[in-house]
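Only one structure is covered here, and it is reproduced in the block below.
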Amino acid sequence: MKIDPFDSKARYVAVTGIMLALAAALTAFESMVSAFLPAGVRIGLANIAVFAAAVCINLPTAFIITLLKSVFVLMTRGVTAGIMSASGGLLSFGITALLLSKTRCSYVMISVISAIVHILGQLGAAALLTGSVYTLYYAPLLLVTGTVSGFFTGIVSGKVIPLLEKSLAAHKRD
């Protein structure tokens, strides 16, 4: 069930705010966990909130959450991290929006493809920022870990989104 922004603006703003807060909290948690992973490897937990917003609210709202998540990264981790977040996040959002609206792919498939596109966007940004194609040598590790992360976030999304839809439907005003 999607939230109709015109049904109740207060409800729409509240749910959107919760999704943005969740994305920011998951990004912060992910930053702590990534200290134990190889450099550049991230789990992609915040993408669950963006994906859920795309499915349960609407694509424009998910796009705004993607942008604001990148602003949060910019403010908390610096310019380079903000650029990397935006480059991967915007491409990832684009492919997610396309796959959600034009195909019948599973959440896992969309999440894996989105993770791969996210990594490609970040690798492109890294190559531009460093002025070196040597950053692309990191692609095999990132693509493998991104595929695993995408699979994991797709499974979690497949469990969370139906529960969120059920909760939103139960609290809908008639």
Side-chain angles (χ1 to χ4, degrees), residues 1-34 42-77 81-82 84-119 121-122 145-174:
M1 163 184 192
K2 288 192 182 273
I3 292 179
D4 180 2
F6 302 105
D7 180 38
S8 168
K9 288 188 184 199
R11 183 169 187 254
Y12 169 76
V13 169
V15 173
T16 300
I18 289 168
M19 297 305 283
L20 178 58
L22 180 61
L26 289 171
T27 297
F29 175 73
E30 190 175 286
S31 292
M32 291 184 280
V33 171
S34 67
R42 312 232 354 136
I43 302 170
L45 294 175
N47 298 326
I48 297 168
V50 173
F51 194 46
V55 173
C56 297
I57 303 174
N58 58 37
L59 291 173
T61 301
F63 178 74
I64 291 168
I65 291 171
T66 300
L67 286 176
L68 292 176
K69 183 176 74 78
S70 294
V71 170
F72 175 76
V73 170
L74 172 75
M75 293 184 333
T76 59
R77 295 189 6 237
M84 300 293 281
S85 175
S87 63
L90 293 174
L91 284 175
S92 175
F93 171 80
I95 196 69
T96 297
L98 180 70
L99 292 172
L100 279 173
S101 62
K102 302 290 184 192
T103 70
R104 296 181 84 81
C105 290
S106 69
Y107 290 162
V108 172
M109 181 61 73
I110 293 171
S111 186
V112 168
I113 292 169
S114 178
I116 290 169
V117 169
H118 194 284
I119 289 164
Q122 288 187 320
T145 58
T147 299
V148 171
S149 294
F151 183 78
F152 171 73
T153 58
I155 289 173
V156 172
S157 294
K159 302 289 185 198
V160 169
I161 289 171
L163 295 174
L164 181 58
E165 289 176 321
K166 184 177 178 183
S167 176
L168 291 171
H171 293 94
K172 180 173 173 39
R173 281 194 224 171
D174 292 319

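Note: hydrogens, waters and symmetry copies are ignored here, and every other heavy atom, side chains too, is used.
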Residue pair [X] / [Y]: nearest heavy atoms and the distance that separates them:
X	Y	result
V112	G150	CG2-C, 3.7 Å
I119	G146	CD1-CA, 3.4 Å
K69	A23	CD-CB, 4.2 Å
T153	S111	OG1-OG, 2.6 Å

Who are the side chain to side chain contact (heavy atoms under 4.5 Å, CB included) partners of [X], not counting sequence neighbours?
X	result
V156	I48, F152, V160
V13	none
T96	F51, S92, L100, I110, S114
A53	M19, I57, A62, I65

Starting at [atom1] of [X], measure out to [atom2] of [Y] and round the result to the nearest 0.5 Å.
X	Y	atom1	atom2	value
T145	I43	OG1	CD1	10.5 Å
L22	L26	CG	CG	4.5 Å
T16	R11	OG1	CZ	10.5 Å
I161	K166	CD1	NZ	16.0 Å
T66	L91	OG1	CG	11.0 Å
N47	T27	CG	OG1	8.0 Å

Set of residues satisfying side chain to side chain donor-acceptor pair (under 3.5 Å) with respect to [X], sequence neighbours excluded:
X	result
S34	R42
S157	none
S87	none
S85	S70

Are V73 and M84 close enough that some pair of their side-chain heavy atoms sits under 4.5 Å apart?
->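 V73 does not reach M84 side chain to side chain.
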Non-hydrogen side-chain atoms of L99 and M109 separated by less than 4.5 Å |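 No - every pair of side-chain heavy atoms lies 4.5 Å or more apart.
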How would you list all residue pairs meeting ring pair (Phe, Tyr, Trp, His ring centres under 6.0 Å) that involve residues 55-76, not counting sequence neighbours?
->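 Found F63-F93.
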Main-chain N/O of L45 paired to E30 side chain as donor or acceptor, under 3.5 Å =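 Confirmed, E30 side chain pairs with L45 backbone.
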Any pair with a residue in residues 100-109 that passes salt bridge (charged side-chain N to carboxylate O under 4.0 Å, His left out), sequence neighbours left out, goes on the list, sorted by first then second residue, please.
->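 Matches after skipping sequence neighbours: none remain.
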